[in-house]
Protein chains: 2
Amino acid sequence: MSAPLSLAVSTVIFALRPHPGTRRPALWIPLVRRIREPHRGLWALPGGPLAPEEGLAASAARNLRETTRLAPQYLEQLYAFGGPDRSPEEAQRTVSVVYWALVRPEEAEAGADGVNVRWFVADELPDLAFDHSLIVEYALWRLRNKVEYSRIAAAFLGETFTLAELRAVHEAVLQRSLDPANFRRQMEASGRLVATEGFRTGGRHRPARLYRHDRSIHLADNGPLTGQ
Amino acid sequence: MSAPLSLAVSTVIFALRPHPGTRRPALWIPLVRRIREPHRGLWALPGGPLAPEEGLAASAARNLRETTRLAPQYLEQLYAFGGPDRSPEEAQRTVSVVYWALVRPEEAEAGADGVNVRWFVADELPDLAFDHSLIVEYALWRLRNKVEYSRIAAAFLGETFTLAELRAVHEAVLQRSLDPANFRRQMEASGRLVATEGFRTGGRHRPARLYRHDRSIHLADNGPLTGQ
DNA sequence: GCAATAGTGTCTATGAGACACTATAGA
DNA sequence: TCTATAGTGTCTCATAGACACTATTGC
């Protein structure tokens, strides 16, 4: 007897790629062009209805994979949006459970633009369908907060990386430069980094030690919900 | 064509009342006894289906009011729980958007135990229906984190209060004692408190100044979602 | 040698916490 | 006068940030 109401799962997917203007690393997100009303022609977050036997996070991972051919390095629930005025009057009311995900640049390359998929610089988006502009804004806020007190930045990098590379991730996300000496000490003091025997050579300078992350520690502490 | 799936909104409601053993302030939550299968007879979080024209937060506030006759001083979305195995096999699959709320003690008195409603000490709950034990654990974790970096503790107090009263709230939530001198300085330095002209007299000691909170500042900073 | 980045040393400002001290009401 | 709590002063320690300095590579 309940009114028509559909439940969808959408995902804000972040990758780091060079900004087309400055060539410095910047946050990008993939959007999907709507091919149906409402908001036909506008760009929207990838997503779709929840499958009957599927968990919410699994649904986010699946539609992420289907629209961008990517698998996330990090995936976390963002928020459930369900106001009765999210869609135009004539459309069915939809509650969206939104996730946010981080993917590696190699993966972002593999999942290049498709027919109705295009990557955009996250801070330079057009107007999006529904309330998706607000959703992206909130996801950016969460990412920028969380990168300061967790190690989610690791999700943008490969297995091993130099401190300069890790610092570049933080700088790109936070949009400000960080002191190399202090950044090094903070990371070393955090106890979340493990020094490897390897070095990155090739630059016109002293080689940099490669680090990896302590795999026994989760990327982010979500308390009792870890693993949900 | 979608499978049967219902959307419910539930709320974890916190109030501060004296612990029956120690008489010191402790966190309490109201639970509702299930009168239907599944889990008939077990205690569960108050909640119910989302009404057709109602926002998610409005639904949380409504069923809070209906089950406990209380209005929340603070209300925030906690998480959306939607695993396919949350309910027993034979039951309909349900996705629950869960909120958490803080209410004042006077209000908690007014909303005393009803026929199928009972208040419990939050850290001494029986086994709950569905995954509600995990949900309460997560809500407690969020509350204890958030009380340290926001001013949500204010939601447990009246319009004006002494620093000792505010400190007692923090101590009850965090379950440890805090240095009065340092607590005072932290609160004063936060810029979120406003000294009033009033004093609380009656104790066998020097009267304590009454403070109120700066109403121009939100109880918690939720970034772009403030007010959603 | 020079340019560039890796990595270290160290000073200062800030905030948390411990704890001694003074102030003032009620009994 | 005594006790209890309000409220102040101050010391120590840990951490963030600024910035000078040394180390090592490619050219």
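Residue numbers start from 1 in every chain, and the chains themselves are labelled A, B, ... in the order their sequence lines are given, proteins ahead of strands.
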Check your understanding: Are Glu188(B) and Arg209(B) ion-paired here, with the side-chain N under 4.0 Å from a carboxylate O?
Key -> no
Check your understanding: Do other residues, nucleotides or ligands put more than 12 heavy atoms under 6.0 Å from the CZ atom of Arg24(A)?
Key -> no
Check your understanding: Step by step, would you call Thr11(A) with Val98(A) a side-chain contact (heavy atoms from CB on, under 4.5 Å)?
Key -> CA-CA 5 Å; Thr11(A) 312; Val98(A) 180; over 6 Å; no
**Study point:** Between P of dG17(D) and NE2 of His170(A), the distance in whole Å
**Key:** 13 Å
Review point. Hey, is the side chain of Arg185(B) pairing donor to acceptor with the base of dT10(D) inside 3.5 Å?
Key: yes
Study note, to complete from the structure: The nucleotide from dG17(C), dA6(D), dA6(C) with an atom nearest the side chain of Ala164(B) is dA6(D)
Review point. Between Arg184(B) (CZ) and dG17(C) (C1'), how many Å, whole number?
Key: 16 Å
Review point. Out of dG17(C), dT8(D), dA25(C), which nucleotide sits closest to the side chain of His205(B)?
Key: dA25(C)
Study note, to complete from the structure: Between CZ of Phe161(A) and P of dA6(C) the distance, given in whole Å, is 14 Å
Point to revise | Nearest to side-chain heavy atoms of Gln186(A), which nucleotide of dA16(D), dG9(D), dC27(D) | key: dA16(D)
Revision key, fill the gap. Which of dG7(C), dA27(C), dA18(C) is nearest the side chain of Asp179(B)? It is dA18(C)
Point to revise | For atom CD of Glu165(A) and atom P of dT5(C), their distance in whole Å | key: 14 Å
Exercise for review: Considering just the side-chain nitrogens and oxygens of Arg206(A), establish if one lies under 4.0 Å of OP1 or OP2 belonging to dA23(D).
Suggested key: no
Check your understanding: Quick one: Phe199(A) CZ to dT24(D) C1', roughly how many Å, whole number?
Key -> 11 Å
Exercise for review: Round to a whole Å and report the spacing from CG of Leu166(A) to C1' of dA6(C).
Suggested key: 15 Å
Review point. Between Leu163(B) and Asn182(B), which is nearer to the 5' end of DNA chain D once each is assigned its nearest nucleotide?
Key: Leu163(B)
Point to revise | Length of the line joining Phe183(B):CZ and dA18(C):P, which is rounded to integer Å | key: 15 Å
Exercise for review: With DNA chain D as reference, determine whether Arg204(B) or Ala181(B) sits nearer its 5' end, using the nearest nucleotide of each.
Suggested key: Arg204(B)
Exercise for review: Could you tell me how the ring of His213(A) sits relative to the ring of Phe161(A): parallel (under 30°), tilted (30 to 60°) or perpendicular (over 60°)?
Suggested key: tilted
Practice item. Would you check if there is a donor-acceptor pair between the side chains of Arg86(B) and Ser96(B) at a distance under 3.5 Å? Key: yes
**Study point:** Side chain of Arg209(B) (C-beta onward), nearest among dT24(C), dG7(D), dG26(D)
**Key:** dG7(D)
Practice item. Take atom CG of Leu174(A) and atom P of dA16(D), then tell me their distance rounded to the nearest Å. Key: 14 Å
